[in-house]
Amino acid sequence: MKIDFKDFFTYNKRERNGIFILLSIIALLLIYLAFSDRFIDAPKNNFSAFDKEINEFQLAQKNDSDTTKEIQLSSHQQEKKSIQKLFFFDPNSATDNDWKDLGLSDKQLKIIRNYVAKGGHFYKKEDLKKIYGISEKQYLALADYIEITVPKNNFPKRDSIHFQKNNFQKQKNNFVELNSADSLQLLSLKGIGPYFAHKIIEYRNRLGGFYNTQQLLEIYHFDSARFSEIEKNISADANLIQKINLNHCTAKELKKLPYLNYNIANSIVNYRLKHGDYKQIADIQQSALVNGEVFEKIKPYLSID
């Protein structure tokens with residue numbers, strides 16, 4: 001069969017019409033793309049919300065910066081005003097207005113007033129540092145202006161012999177036996193106010209009496225400095241101690257002693273119930289819970305009679 005290439009380039013009427021329509025469509029699309037921008041507005045992106053968020057963020061940063069500066073300035077001003085006035089004062093007799101003028105807050109003033117009301121006393125300027133809430137920086141600012149006033153009934157230092165003689169007489173007159181003293185006798189001791197007089201009697205009643213004056217150091221807030229002030233003026237008569245009978249007591253009665261908890265007291269009573277009456281006080285050490293330290297503390301308060 002012979003191929004005639006003219007057949008590839010010859011179209012009938014129907015094919016020619018199809019080609020014409022296709023070319024017309026292509027032409028119309030080209031014209032539309034070329035001129036569409038003139039007839040149809042392109043959509044515009046709205047950035048106003050985004051711009052608003054940026055402005056709010058920048059404003060917040062500025063406010064934070066201003067707030068920080070205000071806090072720093074306020075802190076600086078507060079620190080600067082913490083000491084409003086400086087003048088010589090005695091912490092034992094300073095009034096509320098004096099403390100406020102010196103820059104103390106109402107909270108610090110309340111702590112000092114509670115300290116004084118409970119029998120506290122400032123014996124030296126360093127005692128002010130013991131007050132809770134008084135910072136080291138605040139104390140250093142006040143230290144040079146603290147003047148502890150010597151009581152008028154103290155004798156002048158230049159007459160030291162006369163002073164020692166009268167001081168000895170004063171100590172002798174104020175000698176107190178702890179197990180028989182009432183609150184007025186305790187108040188006569190140097191450094192003992194109503195608070196500690198009450199605490200001494202309260203602890204004495206719980207113990208049943210003192211067998212050693214150093215037991216005062218077991219009272220809450222009763223420190224060695226206060227004890228040294230009265231050590232030579234006090235005694236403890238162990239014969240006045242109210243003792244607990246080991247062969248008749250209950251665990252509840254034993255537990256009243258501050259040196260025992262319920263487990264130890266219960267073990268002492270249970271040992272007696274299991275093995276019979278104690279023959280001697282030292283037998284309580286047969287209980288596994290009673291060690292040598294506990295035994296020495298409670299021995300003066302026990303009896304078997």
Asks: Would you name the heavy atoms of E147 and F88 that are closest together and state the gap between them?
Replies: OE2-CD2, 3.5 Å

Asks: Could you grab the distance from atom CZ of F122 to atom OG of S93, nearest 0.5 Å is fine?
Replies: 10.5 Å

Asks: Got a second to check how far I26's CD1 is from I31's CD1, nearest 0.5 Å?
Replies: 12.0 Å

Asks: Is it true that atom CZ of R16 has more than 12 heavy atoms of other residues, nucleotides or ligands lying nearer than 6.0 Å?
Replies: yes

Asks: With a 4.5 Å cut-off on side-chain heavy atoms, are D277 and I304 touching?
Replies: no

Asks: Checking side-chain contact (heavy atoms from CB on, under 4.5 Å) between L254 and each of N261, I284, I244, I264, which is the one that passes?
Replies: I244

Asks: Just say parallel, tilted or perpendicular for the rings of F227 and F222, cut-offs at 30° and 60°.
Replies: perpendicular

Asks: A quick test of your reading: do over 12 heavy atoms of other residues, nucleotides or ligands sit less than 6.0 Å from NE2 of H275?
Replies: yes

Asks: When hydrophobic residues are tied together by side-chain contacts of less than 4.5 Å, even through go-betweens, does L216 share a cluster with Y123?
Replies: no

Asks: Roughly how far, to the nearest 0.5 Å, is CD of Q280 from CG of D283?
Replies: 4.5 Å

Asks: Determine yes or no for a side-chain-to-main-chain donor-acceptor pair under 3.5 angstrom, with R226 supplying the side chain and G191 the backbone.
Replies: yes

Asks: Examine W99 and Y145 and state if one hydrophobic cluster contains both, with Ile, Leu, Val, Met, Phe, Trp and Tyr joined whenever side-chain heavy atoms are less than 4.5 Å apart.
Replies: yes

Asks: Which class fits the ring pair Y301 and Y211: parallel under 30°, tilted 30 to 60°, perpendicular over 60°?
Replies: perpendicular

Asks: Going from CG on D237 to CD on E177, what distance comes out if it is rounded to the nearest 0.5 angstrom?
Replies: 5.0 Å

Asks: Assess whether side chain to side chain contact (heavy atoms under 4.5 Å, CB included) is satisfied between H121 and N92, documenting all intermediate values.
Replies: CA-CA 7 Å; H121 192 84; N92 292 307; 3.4 Å; yes

Asks: Between R204 and L178, is there a donor-acceptor pair closer than 3.5 Å when you use the side chain of the first and the backbone of the second?
Replies: yes

Asks: Are I298 and L217 connected, step by step, through hydrophobic side chains (Ile, Leu, Val, Met, Phe, Trp, Tyr) whose heavy atoms are closer than 4.5 Å?
Replies: yes

Asks: Taking C-beta and beyond as the side chain, do P258 and R206 meet within less than 4.5 Å on heavy atoms?
Replies: yes

Asks: To the nearest 0.5 Å, tell me how far Q242 CD sits from S303 OG.
Replies: 12.0 Å

Asks: Please check if any side-chain donor atom of S267 sits under 3.5 Å from a side-chain acceptor atom of N270, or the reverse.
Replies: no

Asks: Please determine if R113 and D96 form a salt bridge, counting it only when a charged side-chain N lies under 4.0 Å from a carboxylate O.
Replies: yes

Asks: Decide yes or no for I192 and E229: does some side-chain heavy atom of the first lie under 4.5 Å from some side-chain heavy atom of the second?
Replies: no

Asks: Do you know which two heavy atoms are closest between N247 and R272, and how far apart they sit?
Replies: C-NH1, 3.4 Å

Asks: Between E293 and K297, does at least one N-O distance fall below 4.0 Å, as a salt bridge requires?
Replies: yes

Asks: Can you get from L28 to L30 by hopping between Ile, Leu, Val, Met, Phe, Trp and Tyr side chains that sit under 4.5 Å apart?
Replies: no

Asks: If hydrophobic clusters are built from ILVMFWY residues whose side chains come within less than 4.5 Å, do L240 and V176 share one?
Replies: no

Asks: Would Q286 and Y278 count as a side-chain hydrogen bond (donor to acceptor under 3.5 Å, both in side chains) if you check the C-alpha gap in whole Å, the side-chain angles of each, and the deciding distance to 0.1 Å?
Replies: CA-CA 10 Å; Q286 299 298 324; Y278 289 104; over 6 Å; no

Asks: Tell me, with the steps shown, if Y203 and E218 meet side chain to side chain contact (heavy atoms under 4.5 Å, CB included).
Replies: CA-CA 9 Å; Y203 194 61; E218 297 170 6; 2.5 Å; yes

Asks: Just how far is it from atom CD1 of I134 to atom OG of S105, taken to the nearest 0.5 Å?
Replies: 7.5 Å

Asks: Of the non-hydrogen atoms in I146 and P91, which two are nearest, and what is the gap between them?
Replies: CG2-CD, 3.7 Å

Asks: For V294, does its backbone N or O pair with a side-chain atom of N291 as donor and acceptor, under 3.5 Å?
Replies: yes

Asks: Locate the shortest heavy-atom distance separating Q185 from A181; write the atom from each residue and the value.
Replies: OE1-CA, 3.0 Å

Asks: Output yes when a side-chain donor or acceptor of N179 lies under 3.5 Å from a complementary backbone atom of G209, and no otherwise.
Replies: no

Asks: State whether a side-chain donor-acceptor pair under 3.5 Å links Q285 with Y271.
Replies: no

Asks: List the atom of V269, the atom of A251, and the distance in Å for their closest heavy-atom pair.
Replies: CG2-N, 3.6 Å

Asks: Q214 and E231: side-chain donor and acceptor closer than 3.5 Å?
Replies: no

Asks: Checking F196 against L189 for the side chain to side chain contact (heavy atoms under 4.5 Å, CB included) test, could you report, in this order, the C-alpha distance in whole Å, the side-chain angles of both residues, the deciding distance, and whether it holds?
Replies: CA-CA 11 Å; F196 279 112; L189 295 170; over 6 Å; no

Asks: Hey, are the side chains of K100 and L109 touching, using non-hydrogen atoms and a 4.5 Å cut-off?
Replies: yes

Asks: Taking K124's backbone N and O only, do any of them form a donor-acceptor pair with D127's side chain (distance below 3.5 Å, no angle check)?
Replies: yes

Asks: Would a 4.5 Å heavy-atom cut-off, applied to side chains only, mark L102 and F89 as touching?
Replies: yes

Asks: Ignoring hydrogens and angles, tell me if any N or O in the side chain of N266 forms a donor-acceptor pair with the backbone of Y262 under 3.5 Å.
Replies: no

Asks: Could you go step by step and tell me if L104 and L142 meet the side chain to side chain contact (heavy atoms under 4.5 Å, CB included) rule?
Replies: CA-CA 11 Å; L104 269 68; L142 298 173; 4.1 Å; yes

Asks: Give me the atom names and distance for the closest heavy-atom approach of A265 to K255.
Replies: CB-N, 4.0 Å

